[in-house]
There are 2 protein chains.
Amino acid sequence: MTTRTDAPTRREQILKEAARLFAERGFHGVGVDEIGAAVGISGPGLYRHFAGKDAMLAELLVGISGQLLTGAKRRLAESDGGAPEALLDSLIEGHIDFALDDRPLITLHDRELDRLRDSDRKLVRQLQRQYVELWVSVLREVYPGLAEPAARSAVHSVFGLLNSTPHLGRPGSLPGRGVTAELLHRMARGAFAAAGAE
Amino acid sequence: MTTRTDAPTRREQILKEAARLFAERGFHGVGVDEIGAAVGISGPGLYRHFAGKDAMLAELLVGISGQLLTGAKRRLAESDGGAPEALLDSLIEGHIDFALDDRPLITLHDRELDRLRDSDRKLVRQLQRQYVELWVSVLREVYPGLAEPAARSAVHSVFGLLNSTPHLGRPGSLPGRGVTAELLHRMARGAFAAAGAE
DNA sequence: CCTTCAGGTTAACGACCGCTAACCTCCTTG
DNA sequence: CAAGGAGGTTAGCGGTCGTTAACCTGAAGG
């Protein structure tokens with residue numbers, strides 16, 4: 001784990017607040033003045049750090065997809081030769097950590113993709129596709145009888161399940177992070193098992 | 001079943017197209033001129049049918065929540081005294097039908113709620129809450145060991161799973177509606193079973 | 001046949017929003 | 001200590017958007 005101790009840069013502050021606001025009210029529902037105000041500067045000051053509002057969204061979405069894919073690839077490498085069940089558990093765990101710790105990003109990730117410029121959207125889609133395909137191949141190792149289209153549908157559906165964290169109420173009202181993570185993990189495994197039982 | 005044979009009214013046309021456009025590009029991303037063009041009239045002509053753009057969204061969201069709740073209540077009444085497992089299956093089936101047949105509405109339902117006026121939002125939230133609580137009580141009959149907070153989380157997560165249909169590719173690329181519905185159903189049951197196994 | 005009204009039209013207004021221009025103020029660095 | 005760039009500021013432009021106003025038309029009804 002690479003824990004950050006130094007203070008976040010202004011760019012990072014902006015991205016974090018923009019993510020929160022975009023998730024709350026939608027990309028078009030948030031003005032640049034609001035984003036600026038959220039970090040203590042006003043409106044046009046943002047243009048010292050980003051080319052425009054679109055660039056912020058692009059950086060957020062590319063970052064999310066890349067982070068998910070990178071983490072999954074690392075887990076794949078670490079489990080080299082191990083049991084596919086353990087790798088699947090590791091993937092689930094990683095996705096849950098992300099969904100619980102970066103809820104605004106998870107929300108954006110499947111909601112504002114269409115607001116991107118063509119080239120950015122293609123990049124994000126490609127990263128997402130690689131991530132999905134990695135899950136699909138691991139899932140089919142665990143459940144060899146599962147056909148590929150069904151496996152892909154199952155993976156998307158489990159993403160829907162895991163990404164439901166924003167609907168689970170405020171972080172405070174949850175039964176506790178560990179308990180929630182464990183529940184989500186069990187449900188994901190249960191859903192996969194049911195999909196794999198033909 | 002109440003099958004409609006008469007032609008849809010202009011209001012209904014507008015609502016349908018507005019739902020599709022809102023789901024595709026977000027509430028703020030669609031202009032009234034676009035909605036008008038989608039039904040063959042232009043821009044301000046919409047104001048003969050709706051008080052404003054907000055009113056269209058409100059009617060859509062209230063309609064969705066109400067329809068889901070009404071259907072669930074009907075299923076509850078029909079199964080009176082029957083096995084809770086069968087009722088749970090019936091609820092899942094109804095939700096899947098909705099998610100597969102009205103994908104734009106499912107998308108809107110958990111995405112644009114915050115764009116509503118306070119009173120409308122409260123109404124929608126109340127309908128949604130009743131719907132969730134109905135599921136929770138049925139779920140806890142099937143799995144009596146499941147505590148209420150966990151049951152509620154499980155229900156929200158399974159909604160996430162079932163509502164993932166918009167991510168499953170175009171209706172044509174699916175393996176077939178029946179097959180997909182059955183897969184989703186099995187996964188939902190599997191996820192609940194895993195949640196219920198303490 | 002005249003009235004009425006539902007359901008359109010186009011023009012235009014006012015507000016808002018993304019972005020640029022022009023300017024200011026430190027902090028750094030040779 | 002002068003120079004310069006990083007990172008702010010406010011003013012304002014140009015475009016878009018929701019909405020209203022004013023007008024038109026064709027069908028229904030007494």
Side-chain angles (χ1 to χ4, degrees), chain A residues 6-62 104 108 111-121, chain B residues 6-62 104 108 111-121:
Chain A
D6 50 336
T9 70
R10 171 110 311 172
R11 267 181 89 33
E12 290 168 333
Q13 284 182 48
I14 295 171
L15 284 176
K16 186 182 162 194
E17 294 303 312
R20 184 179 55 81
L21 290 167
F22 288 160
E24 279 174 10
R25 299 210 292 286
F27 179 68
H28 291 296
V30 181
V32 291
D33 289 353
E34 260 172 305
I35 303 174
V39 296
I41 72 182
S42 229
L46 297 171
Y47 288 77
R48 300 284 165 194
H49 304 274
F50 294 93
K53 200 180 150 193
D54 297 347
M56 300 181 209
L57 182 64
E59 188 156 329
L60 282 172
L61 292 187
V62 172
L108 284 186
R111 189 169 296 198
E112 306 286 355
L113 181 59
D114 299 321
R115 259 56 97 198
L116 255 48
R117 282 172 37 228
D118 262 31
S119 61
D120 290 324
R121 187 170 56 246
Chain B
D6 49 337
T9 70
R10 173 112 304 176
R11 271 187 124 258
E12 290 168 333
Q13 284 182 49
I14 295 172
L15 283 176
K16 186 183 162 194
E17 295 302 312
R20 184 179 55 80
L21 290 167
F22 289 161
E24 278 173 13
R25 299 210 293 285
F27 179 68
H28 291 296
V30 181
V32 290
D33 290 353
E34 260 172 304
I35 303 174
V39 296
I41 71 182
S42 230
L46 296 170
Y47 287 76
R48 300 283 165 195
H49 305 275
F50 294 94
K53 200 180 151 192
D54 298 347
M56 300 180 208
L57 182 64
E59 188 156 328
L60 282 171
L61 293 186
V62 172
L108 283 186
R111 189 170 294 197
E112 307 285 357
L113 181 59
D114 300 321
R115 261 56 96 197
L116 255 49
R117 284 172 36 230
D118 261 32
S119 60
D120 291 322
R121 188 170 55 248

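Quick note on labels: first sequence line is chain A, next is B, and so on, each numbered from 1. Owing to the predicted nature of the structure, the values given are computational and were not obtained by experimental measurement.
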**Prompt:** Among the nucleotides D:dG18, C:dA11, D:dT9, which one has an atom lying closest to any side-chain atom of B:Y47?
**Reply:** D:dG18
**Asked** For DNA chain C, whose closest nucleotide is more 5', that of A:K53 or that of B:S42?
**Response** B:S42
**Request:** Pick base, sugar-phosphate or nothing for B:G31, based on heavy-atom distances below 4.0 Å to the nucleic acid.
**Result:** sugar-phosphate
**Item:** Nucleotide nearest B:P44 when distance is taken to its side chain, options D:dT19, C:dA21, C:dG7
**Value:** D:dT19
**Prompt:** For A:F27 and B:G43, take the nucleotide of DNA chain C holding the closest heavy atom to each; which residue's nucleotide lies nearer the 5' end?
**Reply:** B:G43
Atom pairs and distances, side-chain donor-acceptor, residues 46-61 of chain B, under 3.5 Å, sequence neighbours left out:
residue, atom, partner, partner atom, Å
B:K53, NZ, B:F27, O, 2.9
B:K53, NZ, B:V30, O, 2.8
B:E59, OE1, B:R11, NH2, 3.2
B:E59, OE2, B:R11, NH1, 2.8

**Message:** What's the separation between atom NZ in B:K16 and atom CZ in B:R20, rounded to the nearest 0.5 Å?
**Reply:** 8.5 Å
**Request:** Quick one: label A:V30 by what it contacts on the DNA or RNA (base, sugar-phosphate, nothing), any heavy atom closer than 4.0 Å.
**Result:** sugar-phosphate
**Prompt:** Reckon A:H28 has a side-chain N or O less than 4.0 Å from the OP1 or OP2 of D:dT16?
**Reply:** no
**Complete:** Per-residue pairing states of DNA chain C in dot-bracket (Watson-Crick or G-U under 3.5 Å; . unpaired, | other strand) read ||||||||||||||||||||||||||||||
**Contact summary for A:R121 and A:D114, nearest pair of heavy atoms** = NH1-O, 3.7 Å
**Item:** Whole-Å distance separating the CD1 atom of A:I35 from the C1' atom of C:dC19
**Value:** 13 Å
**Asked** Phosphate oxygens OP1/OP2 of C:dG8: is one of them under 4.0 Å from a side-chain N or O of B:H49?
**Response** yes
**Selection from C:dC23, C:dT20, D:dT19 that lies nearest to any side-chain heavy atom of B:V32** = D:dT19
**Message:** So, OP1 or OP2 of D:dG8: does either fall under 4.0 Å of a side-chain N or O from A:R10?
**Reply:** yes
